[in-house]
Amino acid sequence: MEGKGRNLKELYEKDYYLWVQENLRLLKNREFHLVDWENLLEEIEGIGRSLYIAMLRQMRQIMEGLYKWENFKEHPERDDWVEEISRARRELRNLFEDSPSLKAIAQNKDTMQRAWKLSVRALAAWLRLPPNKALAVSYFKGRLPTEEDFPPECPYNFQQVMEYKPWLTQSSLE
């Protein structure tokens, strides 16, 4: 019994797919004492973390796109931002459909703030890219912005993240 458990732990490092299949077989056969619980629990935790990170990534993409649309009106890639926002919203809806509990987590103020912080980092980095430096300098009084130049609190609520379409407002149609 001990030898088989040790071999399964070694298998985790050498052949991950086979390790998954073997643990699945053991669970189905109710041979719980042989399962590599330590690594299995880590993997399950990692799955949850991956889903949370995927959700944050999509929320960041949406917030970043909304902020760009609202604040950098003369940028030539504005239409691309609309597509990016739409794609991220579709992905977020898919995540919520597959894992409905993530939607409640996404609406949490701390989660919204964390996604906004990621957006701010992305915005500051985007404005440092060579094609955007002139835009950055014109908007930030002759200098490149830092993260502190953006609103510290998330300017969007969850409903806006999911539905707000500033490109459909009257002023954006003019």
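Note that the coordinates shown come from a computational prediction; the quantities given were computed from them, not determined experimentally. Numbering starts at 1 and runs along the sequence shown.
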Completion exercise
To the nearest 0.5 Å, atom CG of D15 lies from atom CD of Q21 at 10.0 Å
Fill in the blank from the handout: In terms of heavy-atom contacts, P166 and L66 come closest through CD-CD2, 3.6 Å
Handout entry: K14 atom NZ, neighbour heavy-atom count above 12 within 6.0 Å
Key = no
Handout entry: Partner residues of E163 under the side chain to side chain donor-acceptor pair (under 3.5 Å) criterion, sequence neighbours left out
Key = Q159
Handout entry: Side chain K73, main chain E70, donor-acceptor under 3.5 Å
Key = yes
Handout entry: Check: N71 and F150 side chains under 4.5 Å, non-hydrogen atoms
Key = no
Exercise for the section: Using the six-membered ring wherever Trp is involved, compare the ring planes of Y156 and W116 and label them parallel, tilted or perpendicular (cut-offs 30° and 60°). Expected result: perpendicular
Fill in the blank from the handout: Here the pair of heavy atoms bringing P145 nearest to A124 is O-CB, 4.5 Å
Exercise for the section: Check T111 against A106 and note the closest heavy-atom contact, atom names and distance. Expected result: CG2-CA, 3.8 Å
Exercise for the section: Count the heavy atoms of every other residue, nucleotide or ligand shown that sit under 6.0 Å from CZ of R30, and state whether that count exceeds 12. Expected result: no
Handout entry: Intermediate values then yes/no, side-chain hydrogen bond (donor to acceptor under 3.5 Å, both in side chains), D36 and W19
Key = CA-CA 9 Å; D36 178 7; W19 173 86; 2.9 Å; yes
Exercise for the section: Group every Ile, Leu, Val, Met, Phe, Trp and Tyr by side-chain heavy-atom contacts under 4.5 Å, then state whether L144 and L129 land in the same group. Expected result: no
Exercise for the section: Verify the cluster assignment for L11 and F32: are they in a single hydrophobic cluster under the rule of side-chain heavy atoms below 4.5 Å apart? Expected result: yes
Practice task
Would you check if the distance from the ring center of F72 to the ring center of W126 is below 6.0 Å?
Solution key: yes
Practice task
Compare all side-chain heavy atoms of M162 with those of R93 and state whether any distance is below 4.5 angstrom.
Solution key: yes
Exercise for the section: Using the six-membered ring wherever Trp is involved, compare the ring planes of F96 and F158 and label them parallel, tilted or perpendicular (cut-offs 30° and 60°). Expected result: tilted
Handout entry: Exam field: side chain Q160 to backbone N157, donor-acceptor pair closer than 3.5 Å
Key = yes
Fill in the blank from the handout: Value for CG (L40) from CG (L27), rounded to nearest 0.5 Å, stands at 6.0 Å
Exercise for the section: Determine, using the 4.5 Å side-chain heavy-atom cutoff (strictly less than), whether I105 and I53 are members of one ILVMFWY cluster. Expected result: no
Practice task
Would you confirm whether E13, through its side chain, and K9, through its main-chain N or O, come within 3.5 Å as a donor-acceptor pair?
Solution key: no
Exercise for the section: Indicate yes or no: at least one non-hydrogen side-chain atom of I85 is less than 4.5 angstrom from one of Y164. Expected result: no
Exercise for the section: Spell out, yes or no, whether V161 and L168 are grouped together once hydrophobic residues are joined by side-chain heavy atoms under 4.5 Å, including indirect joins. Expected result: yes
Exercise for the section: Give a yes or no on whether L41 and L8 share a hydrophobic cluster (residues Ile, Leu, Val, Met, Phe, Trp, Tyr; joining criterion: side-chain heavy atoms under 4.5 Å apart). Expected result: no
Completion exercise
d(Y67 OH, W81 CH2) to nearest 0.5 Å is 11.5 Å
Practice task
With salt bridge (Lys or Arg N to Asp or Glu O under 4.0 Å) as the test, would you mind laying out the steps for R25 and E22 before giving the verdict?
Solution key: CA-CA 5 Å; R25 183 189 66 74; E22 183 59 19; 2.3 Å; yes
Problem - Q113 and E153, any side-chain heavy atoms less than 4.5 Å apart - result: yes
Handout entry: Gap between atom CG of L56 and atom CG of L51 - 0.5 Å precision
Key = 11.5 Å
Handout entry: Derivation of the side-chain hydrogen bond (donor to acceptor under 3.5 Å, both in side chains) call for E43 and Y12
Key = CA-CA 11 Å; E43 290 299 319; Y12 180 76; 2.4 Å; yes
Exercise for the section: May I ask you to test the E91-N94 pair for a side-chain heavy-atom distance under 4.5 Å? Expected result: yes
Problem - Heavy-atom check, side chain of L135 versus side chain of F140, under 4.5 Å - result: no
Problem - Test side chain to side chain donor-acceptor pair (under 3.5 Å) applied to E64 - qualifying residues, sequence neighbours left out - result: R60, K68
Fill in the blank from the handout: One should read off an interatomic distance between W37 CH2 and L26 CG, to the nearest 0.5 angstrom, of 9.5 Å
Practice task
Output the distance between atom OH (Y52) and atom CG (L95), rounded to the nearest 0.5 Å.
Solution key: 13.0 Å
Problem - Within-4.5 Å side-chain heavy-atom neighbours: T146 and R128 - result: yes
Practice task
May I ask you to decide if G46's main-chain N or O and S50's side chain share a donor-acceptor pair within less than 3.5 Å?
Solution key: yes
